[in-house]
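Side chains are part of it too, since the values below use all heavy atoms of this structure and drop only hydrogens, waters and symmetry mates.
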Amino acid sequence: MVDALGVAVVGFGWMGRVHTQAYARVAHHYPRLGLRPELVAVAEEVPGRAEEAAEQFGFASATRDWREVAADPRVKAVSITAPNFLHREIGVAMAEAGKHIWIEKPVGLTSGDARAVADAVARAGVQGAVGFNYRNAPAVEAARELIASGGIGTVTHARIRLFSDYAAHPDGALTWRYERGRGGSGVLGDLASHGADLARFLLGDIASLTADTAVFVPERARPTGATAGHSRASGGELGPVENEDYVNCLLRFASGARGVLEACRVSVGEQNNYGFEVHGTEGAVFWDFRRMNELGVSRGSSYQDQPVSTVHVGPGDGEFAAFQPGAANAMGYDDLKVIEAYRFLRSVAEGVPHGATLTDAVHSAGVLDAMALSVERGAWVPVGVEDAAGG
């Protein structure tokens, strides 16, 4: 017996589309899940966009007002893929309305926003999942197991990078992403939030850090109409870019390991260059998102001149078996969101969290707050984040 679960998507830009497609695919990859998502409602304030989504994907209803979704008794779970400045208001409201939520990072503009949503989820007794998609890659989960098992010895240092060119063009439109009041902390919330989550997922809590940031494209043209993704708007009135294009950060982990986290949204020549290198006393492990299904692994007792082998992940790693029958068959980005959808729906079905939770979002946001404070003070600062109740 498979139970139907009414789901809604609030915010239908690119990420709203990705969530919707994940809901459509999840039963194909996880036929024993026990829940079948039904697309009940879609909300998007841009005129006509919700109606287009309903026509294309089969949502039963469309609206420009997300509050109608909160009041809809058919809706039991909601994907929140609206802009960052709306995350707190929508997330809290949906939880208070008794809806399970799958919300995109960074869950608001500050750790206070993330904690408010986490607390609302805990009070309501609903499930809350967060869009830290890169931790869902089978290779990343395999790397975590290798590290935790002592396969590379004691971790000494690591480097996490997230370089992209999505904002590199000087004609990129001055959207909400570049405004402090609506986008928050720029590349910190957009890319470095993933880096902070990966760092903790792989290596444990970060104890302290020191950071530096920069804005390399200080002005952009204001858009004259609705935008989606990273649109261009040459010729419009120029306005200031208020948040960071770039961050680099030195990390000290609670374990004693050291780390470097670097992220940039204006890296010409870099397209989704996301990855990590983790070094230990007896080996190392390397991952590059652009070769998502591979790990570079160095293990042994040679220490000096020890070789690195390429390992192709397979059905024994993470959720790989739900997608491909044998090692070295490729998985892609959208598959990571299907895994995320599965873990969210499994959390709803079983009443216990699976995958990234609001607690993880609070920790990531705490690291971002510490980065901003470090830049302000020009000094090392502690990373002290209380666990969110209930996650």
Side-chain angles (χ1 to χ4, degrees), residues 84-85 87 105-115 130 132 134-135 155-168 177-218 240-268 270 272-279 289 360-386:
N84 298 350
F85 66 97
H87 285 185
K105 55 81 201 168
V107 190
L109 306 181
T110 66
S111 61
D113 287 348
R115 189 177 291 107
V130 180
F132 289 127
Y134 300 110
R135 62 155 64 191
V155 173
T156 54
H157 61 100
R159 176 174 177 257
I160 299 169
R161 69 187 186 282
L162 298 108
F163 297 145
S164 184
D165 65 354
Y166 68 78
R177 294 180 182 277
Y178 304 100
E179 298 175 4
R180 182 72 65 181
R182 296 198 296 165
S185 56
V187 76
L188 273 68
D190 194 12
L191 294 180
S193 60
H194 282 298
D197 181 67
L198 282 174
R200 180 169 170 264
F201 184 69
L202 293 168
L203 305 174
D205 288 339
I206 298 167
S208 62
L209 59 80
T210 184
D212 186 32
T213 61
V215 177
F216 296 133
V217 183
V241 172
E242 299 174 351
N243 53 29
E244 307 86 353
D245 288 329
Y246 170 83
V247 61
N248 67 58
C249 188
L250 299 179
L251 309 172
R252 291 174 179 163
F253 290 89
S255 67
R258 299 300 195 260
V260 177
L261 192 161
E262 190 176 15
C264 186
R265 65 189 180 187
V266 296
S267 298
V268 175
E270 300 281 16
N272 299 325
N273 182 359
Y274 309 152
F276 56 76
E277 302 97 43
V278 180
H279 296 267
F289 170 65
D360 297 309
V362 171
H363 276 279
S364 175
V367 173
L368 304 187
D369 282 358
M371 289 181 187
L373 182 61
S374 173
V375 171
E376 178 184 332
R377 293 182 177 177
W380 284 86
V381 299
V383 179
V385 179
E386 296 177 0

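Of all the heavy atoms in F163 and Y274, the pair that sits closest is O-CE2, 3.5 Å. Nearest approach of L191 to A263, heavy atoms of both residues: CB-CB, 4.1 Å. Nearest heavy atoms, V187 versus Y246: CG1-N, 3.6 Å. Here the closest heavy-atom approach between residue F253 and residue G204 is recorded as CD2-O, 3.6 Å. Taking every heavy atom of both residues into account, Y178 and A167 meet most closely at OH-CB, 3.2 Å. The two residues V130 and A361 make their nearest non-hydrogen contact at CG2-CB, 3.8 Å.
Annotation: the span from F276 atom CZ to Y134 atom OH amounts to 13.0 Å, rounded to 0.5 Å. Taking CG from N248 and OG1 from T210, the interatomic distance works out to 8.5 Å, rounded to the nearest 0.5 Å. A distance of 7.0 Å separates CZ of R177 from CG of N84, quoted to the nearest 0.5 Å. Expressed to the nearest 0.5 Å, how far OG of S267 lies from CG of N272 amounts to 11.0 Å. Rounding to the nearest 0.5 Å places CZ of R265 at 13.0 Å from CG of D165. Here the CG atom belonging to N273 is positioned 11.0 Å from the SG atom belonging to C264, to the nearest 0.5 angstrom.
Between K105 and the choices D197, D113, D190, the salt bridge (charged side-chain N to carboxylate O under 4.0 Å, His left out) rule is met once, by D190.
Without hydrogens or angle criteria, S374 side chain to A211 main chain gives a donor-acceptor distance under 3.5 Å. Checking side-chain atoms of N243 against main-chain N and O of G184 turns up a donor-acceptor pair under 3.5 Å. A donor-acceptor pair is defined here as one N or O able to donate and one able to accept, closer than 3.5 Å; such a pair exists between the side chain of R258 and the backbone of G256. Between the side chain of S364 and the main chain of A196, no donor-acceptor pair closer than 3.5 Å is present.
Using a 4.5 Å heavy-atom threshold, the side chains of T213 and L188 count as touching. Taking 4.5 Å as the limit, every side-chain heavy atom of F289 sits out of range of all side-chain heavy atoms of L162. Between E244 and V375 the shortest side-chain heavy-atom distance does not fall below 4.5 Å. By the 4.5 Å heavy-atom criterion applied to side chains, D245 and V215 are counted as neighbours. At a threshold of 4.5 Å between non-hydrogen side-chain atoms, the residues S255 and L203 do not count as touching. Looking only at side-chain heavy atoms (C-beta outward), D212 and V247 stay at 4.5 Å or farther from each other. In this structure, the side chains of V381 and L209 come closer than 4.5 Å at one or more pairs of heavy atoms. Using a 4.5 Å heavy-atom threshold, the side chains of D205 and H363 count as touching.
Among residue pairs with one or both ends in residues 360-373, those qualifying as salt bridge (Lys or Arg N to Asp or Glu O under 4.0 Å) are R135-D360, R200-D360; sequence neighbours excluded.
With sequence neighbours excluded, the residues forming a salt bridge (charged side-chain N to carboxylate O under 4.0 Å, His left out) with E179 are R182, listed by chain and number.
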(message) I'd like to know whether V260 forms a side-chain contact (heavy atoms from CB on, under 4.5 Å) with L251, so could you lay out the CA-CA distance, the side-chain angles of the two residues, the decisive distance to 0.1 Å, and finally the verdict.
(response) CA-CA 6 Å; V260 177; L251 309 172; over 6 Å; no
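Between H279 and H157, the ring planes lie parallel to each other; the angle is under 30°, not in the 30° to 60° tilted range.
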